[in-house]
Amino acid sequence: MEQQDCLFCKIVAGEIPSTKVYEDDVCIAFNDIAPQAPTHILVIPRDHVRSMNETDEKHKETLGHLLLTAAELARKAGFAEKGYRVVINTNEEGGQTVFHLHVHLLGGRQFIFPPG
Ligand code: 5GP
Ligand code: ZN
């Protein structure tokens, strides 16, 4: 279900343009507008979910699907073996700025841990 005034719902609906790299019935994936790595893709569910805090048993398949999609996109991008990072920021202190659940897939450079 689309949520009014949600940026990523608008991207799902095609009302705001994005560079899509993958889509299926459950999710879409597109390039982040401010990439933090040579490859920085956002994988998001088509249906609006505000954050990890709003997930429960009924989101099991969707959450699994988002992660499997990120893994597949990492393989396609060619950096799966070298390594990459998958991030889900949650709420303000977790660094979330867009409140439609999304998986960041970052690859193509060395990452350090812990992140800032
Ligand atoms: P968060 O900080 O919520 O984890 O991640 C939100 C991400 O969305 C940020 O990395 C930001 O660069 C990206 N972003 C914000 N607005 C847009 C937009 O209009 N288009 C795209 N493609 N990415 C966006
Ligand atoms: Zn939304």
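Whatever order the structure lists them in is the order used to number ligands and atoms, beginning at 1. Numbering of residues begins at 1 and proceeds along the displayed sequence.
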message = Please report whether ligand 1 has a polar contact with Asp32, defined as an N or O pair separated by less than 3.5 Å (distance criterion only).
response = yes

query = In terms of residue, atom name and distance, what is the protein heavy atom nearest to atom 5 (O) of ligand 1?
reply = His102 NE2, 2.9 Å

message = If I consider every N, O or S atom in His48, which one ends up closest to the Zn ion (ligand 2)? I only need its name.
response = ND1

Close approach of Leu42 to ligand 1, heavy atoms, under 4.0 angstrom = yes

message = Tell me the protein heavy atom at minimum distance from atom 22 (N) of ligand 1, and give that distance in Å.
response = Asn31 O, 2.9 Å

Ligand-residue contact atoms, ligand 1 with Ala34, heavy atoms, under 4.0 Å = 12 (O)

request  = Name whichever N, O or S atom of His100 ends up nearest to the Zn ion (ligand 2).
outcome  = ND1

note = Taking only non-hydrogen atoms of Asn89 and a 4.0 Å limit, the atoms of ligand 1 in range are 1 (P), 4 (O)

request  = Quick one: the SG of Cys9, the Zn ion (ligand 2), SG of Cys6 angle, rounded to 10°, please.
outcome  = 110°

task = Would you mind checking which non-hydrogen protein atom is closest to atom 17 (C) of ligand 1, with the distance to 0.1 Å?
result = Ile33 CG2, 3.7 Å

message = Angle between ring planes, His102 versus Phe8, binned at 30° and 60°: parallel, tilted or perpendicular?
response = perpendicular

query = Are Glu23 and Arg46 close enough for a salt bridge, meaning some N to O gap below 4.0 Å?
reply = yes

request  = Give yes or no for whether the N/O distance cutoff of 3.5 Å, strictly under, is met between Gly95 and ligand 1.
outcome  = yes

message = Do Glu54 and Ser51 pair up side chain to side chain, a donor and an acceptor below 3.5 Å, judged on atom types alone?
response = yes

inquiry  = Within the structure, is a non-hydrogen atom of Phe99 found at a distance of less than 4.0 Å from ligand 1?
reply    = no

